[in-house]
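Below you'll find the structure, written out as structure tokens, and then a few comments.
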2 protein chains.
Amino acid sequence: MASDHDLVDVLRAVADPIRLRIVQTLADGRPHGKCGTHWDFGVHKSTMTHHFRILREAGLTRTIVTGRSHSIQLCREELDARFPGLIDALTAGPDRETHR
Amino acid sequence: MASDHDLVDVLRAVADPIRLRIVQTLADGRPHGKCGTHWDFGVHKSTMTHHFRILREAGLTRTIVTGRSHSIQLCREELDARFPGLIDALTAGPDRETHR
DNA sequence: CGGACTGTTGGATGTTCGTCATACCGTCAG
DNA sequence: CTGACGGTATGACGAACATCCAACAGTCCG
């Protein structure tokens, strides 16, 4: 039952265009910087912080702080253990354009 | 790209405790009645209508009208085709109590 | 026909959410 | 130390959302 609650949290976190894209990009398992370089969604800096926070609080990502640059990484193992197949389903879009 | 848009719609539809439960229950492929008998969430009748509408408009379910009783059914084939593994991931919860 | 049953429609309401702008804080280079 | 850089915190605001209530509409039974 607690799993249902968590699942809803994860789904809510992922039910947003920007956050879904972030998760899809992070699905390669490697950490990505939070810097505006990679994430050009045309939204304000603090908005990205907001989205990163939602993802982190839903248990989807962890943040790695190195000096003044933060990196974000998907918690693949935990997620695959708790919600098997979920991340795959989110990333393996039907006609998902590979890169860019 | 259109798939991403649709995926977000599906996720948003499913990112609600009541609607997630509905989808999980419907996952057996059989049609279930909309009657209050099966769905006892303690919410108002019209609220259920609202949730059913969201699910239908997200392309998750179809409604079968028979006389004065409506039945609802999950669009398994379409969903498995467009978002392979998604429904499985939603229903195969980690410690989801086997049945009942 | 007239009423019970099943479900929908159309407000109304309080809450959550996404976004922005500004101010703030830690880190690194000179 | 001072200033630039990378992120965070806080507050505001409009849109979307979940919920309820009352009224309505189609179907079946007597």
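Note that the coordinates shown come from a computational prediction; the quantities given were computed from them, not determined experimentally. Letters A, B, ... are given to chains in the order of the sequence lines, protein chains preceding strands, and every chain is numbered from 1.
The CZ atom of B:Phe41 sits 8.5 Å away from atom NE2 of B:His51, with the distance rounded to the nearest 0.5 Å.
Along DNA chain C, the nucleotide nearest to B:Arg56 and the one nearest to A:Val43 differ in position, and the one closer to the 5' end is contacted by B:Arg56.
Within the structure, every side-chain polar atom (N or O) of A:Lys45 is placed at least 4.0 Å from both OP1 and OP2 of D:dC5. Contact check, B:Ser69 against C:dT6: no side-chain N or O comes under 4.0 Å of OP1 or OP2.
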Please list each protein N or O that sits under 3.5 Å from an N or O in nucleotides 25-30 of chain C, with the distance.
from	atom 1	to	atom 2	distance (Å)
C:dT27	O2	A:Arg68	NH1	3.4

Under-3.5 Å N/O pairs linking protein and nucleotides 10-18 of chain D:
from	atom 1	to	atom 2	distance (Å)
D:dA18	OP1	B:Arg19	NH1	3.3
D:dA18	OP1	B:Arg19	NH2	2.8
D:dA18	OP2	B:His50	NE2	3.0

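By the 4.0 Å N-to-carboxylate-O rule, B:Arg76 lies too far from B:Asp28 to be salt-bridged with it.
With B:Thr91 contributing its side chain and B:Ile87 its backbone, the two residues share a donor-acceptor pair below 3.5 Å. Judged by distance alone, the side chain of B:Gln24 and the main-chain N or O of B:Leu90 form a donor-acceptor pair under 3.5 Å. Here the side chain of B:Trp39 pairs no donor or acceptor atom with the backbone of B:Ile18 at under 3.5 angstrom.
One atom, CG of A:Asp9, and another, P of C:dC17, lie 10 Å apart when rounded to the nearest Å. Rounded to whole angstrom, the span from the NE2 atom of B:His32 across to the P atom of C:dG7 amounts to 14 Å. Atoms CE (B:Met48) and C1' (D:dC21) sit 17 Å apart, rounded to a whole Å. The interatomic distance linking B:His44 (NE2) with D:dT19 (C1') rounds to 9 Å, in whole Å. In this structure, the CH2 atom of B:Trp39 is 16 Å from the C1' atom of C:dT6, given to the nearest Å.
Here A:His70 lies in heavy-atom contact (under 4.0 Å) with sugar-phosphate atoms only.
Residues meeting the salt bridge (Lys or Arg N to Asp or Glu O under 4.0 Å) test with A:Arg53, sequence neighbours left out: A:Glu57. By the side chain to side chain donor-acceptor pair (under 3.5 Å) test, B:Arg12 is found to be paired with no residue, residues two or more places apart in sequence or in another chain being considered. Residues satisfying the salt bridge (Lys or Arg N to Asp or Glu O under 4.0 Å) criterion with A:Arg62, sequence neighbours excluded, are A:Glu78. Every side chain to side chain contact (heavy atoms under 4.5 Å, CB included) that A:Ile54 has, sequence neighbours left out, goes to A:Ala13, A:Arg19, A:His50.
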